[in-house]
Enquirer: 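What follows is a structure written as structure tokens; I'll ask about it next.
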Amino acid sequence: MGKIRIKQFGPIQAGLTSNNGWLEIQKITLFIGNQGTGKSSIAKLISTMMWLEKSLYRGELTEKEVTSYNRFVNHYCAYQNIKNYFDKNGATEIEYEGALYHIQFISNKLSIKFINNLNPENHYLVPKIMYVPAERNFLSAVKWRNLEKMKELPQALFAFLEELERSQKELTSPITLPIGDATFE
């Protein structure tokens, strides 16, 4: 699926010490650790990078649009509420390699390179990409009309609520999850 390397970003300082710093992104990637160690930061970055790759592939964005005016930090990372995780001295390093693009943020500069690592027999799957915020539990206690009054909530939470409601309407029977034949209803 892809891989990511992160240094000096929020609670993540030196990054992963094995595998030359690369974290492999699998179909199912699980993060386990103490509170405040960067699990959500990594998940939000993966979600952002995969979304950017998909949007570039589909032609919804151009490389110039993404790299201009520090949009990566000020728009795309702000959406995930991680804009303030970048090192103020420019030491943050983020590198993502997906199936089609290599995206690198070093010395406060974003670069994007088309690489196309797909096997010619395969095609690029265009999945729905979304980070599911921990605040999702908050949604069970609040209705839409109340959420609109709470403008300081992350935009990703509103997107999750929209997808949750859409999914609830579409889900007519239990689905089998890819872990231990568990079902979700």
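This structure is a prediction, so every number in the text was calculated from the model and none was measured.
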Enquirer: Would you compute the distance between atom CD1 of I106 and atom CD1 of I94 and round it to the nearest 0.5 angstrom?
Expert: 10.0 Å

Enquirer: How many angstroms lie between atom OG of S47 and atom CD1 of I25, to the nearest 0.5 angstrom?
Expert: 10.5 Å

Enquirer: Tell me whether the count of non-hydrogen atoms from other residues, nucleotides or ligands lying under 6.0 Å of CG in N19 goes above 12.
Expert: yes

Enquirer: Do Q26 and T29 have side chains that get closer than 4.5 Å, going by heavy atoms?
Expert: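 In short, these two side chains touch, coming nearer than 4.5 Å.
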
Enquirer: How about Q35: does its CD atom have over 12 heavy atoms from other parts shown lying under 6.0 Å from it?
Expert: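 Not buried by this count: 12 neighbours or fewer within 6.0 Å.
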
Enquirer: Got Y76 and V66 here, is their nearest side-chain heavy-atom distance under 4.5 Å?
Expert: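 Counting from C-beta outward, Y76 and V66 do come under 4.5 Å.
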
Enquirer: Could you list the donor-acceptor pairs under 3.5 angstrom formed between side-chain atoms of residues 107-114 and any protein atom two or more places apart in sequence or on another chain?
Expert:
none

Enquirer: For N74 versus Y69, what's the shortest heavy-atom pair and its separation?
Expert: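 Heavy-atom minimum between the residues: ND2-O, 3.9 Å.
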
Enquirer: If you look only at pairs with a residue in residues 75-93, which of them pass as a salt bridge (charged side-chain N to carboxylate O under 4.0 Å, His left out), with sequence neighbours excluded?
Expert: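 Residue pairs passing salt bridge (charged side-chain N to carboxylate O under 4.0 Å, His left out), neighbours aside: none found.
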
Enquirer: Specify the closest pair of heavy atoms between E65 and R71, including all atoms of both residues, with the distance to one decimal.
Expert: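 So the minimum-distance heavy-atom pair works out to O-NH1, 2.7 Å.
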
Enquirer: Quick one, F31 and I46 - any side-chain contact, counting heavy atoms below 4.5 Å?
Expert: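 Counting from C-beta outward, F31 and I46 do come under 4.5 Å.
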
Enquirer: Are Y57 and M50 connected in a single hydrophobic cluster, I mean Ile/Leu/Val/Met/Phe/Trp/Tyr linked by side-chain heavy atoms less than 4.5 Å apart?
Expert: yes

Enquirer: Run the side-chain donor-acceptor check on residues 10-18: report pairs under 3.5 Å with partners two or more places apart or on a different chain.
Expert:
{"unit_1": "Q13", "atom_1": "NE2", "unit_2": "G10", "atom_2": "O", "d": "2.9"}

Enquirer: Evaluate the side-chain proximity of M49 to F72: yes if any heavy-atom separation is below 4.5 Å, no if none is.
Expert: yes

Enquirer: Could you grab the distance from atom CD of E95 to atom CD1 of I103, nearest 0.5 Å is fine?
Expert: 11.0 Å

Enquirer: Looking at K7, I'd like to know if its NZ atom is crowded, meaning that more than 12 non-hydrogen atoms belonging to other residues, nucleotides or ligands lie closer than 6.0 Å.
Expert: no

Enquirer: Please check this pair: side chain of T48 against backbone of K44, looking for a donor-acceptor N/O pair closer than 3.5 Å.
Expert: yes

Enquirer: Working to the nearest 0.5 Å, report the span between OG of S40 and CD of Q80.
Expert: 10.0 Å

Enquirer: Taking a hydrophobic cluster as the set of Ile, Leu, Val, Met, Phe, Trp and Tyr residues connected by side-chain heavy atoms closer than 4.5 Å, whether directly or through intermediates, do Y79 and I4 fall within one such cluster?
Expert: no

Enquirer: Using side-chain contact (heavy atoms from CB on, under 4.5 Å) as the criterion, point out the one residue from H102, E53, R5 that pairs with E97.
Expert: H102

Enquirer: E63 versus Y101: any side-chain heavy-atom pair under 4.5 Å?
Expert: yes

Enquirer: Does the K39 side chain pair with the main chain of G33, one donor and one acceptor, at a distance under 3.5 Å?
Expert: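 Confirmed, K39 side chain pairs with G33 backbone.
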
Enquirer: Start with the C-alpha gap between Y96 and L45, add the side-chain angles, then the distance that decides, and say whether side-chain contact (heavy atoms from CB on, under 4.5 Å) holds.
Expert: CA-CA 9 Å; Y96 168 81; L45 272 176; over 6 Å; no

Enquirer: Below 30° counts as parallel, above 60° as perpendicular, anything between as tilted: where do the rings of Y85 and F9 land?
Expert: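 The arrangement is perpendicular - the two ring planes meet at more than 60°.
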
Enquirer: Testing the basics here: between I115 and G98, what is the closest heavy-atom pair and its distance to 0.1 Å?
Expert: CD1-O, 3.8 Å

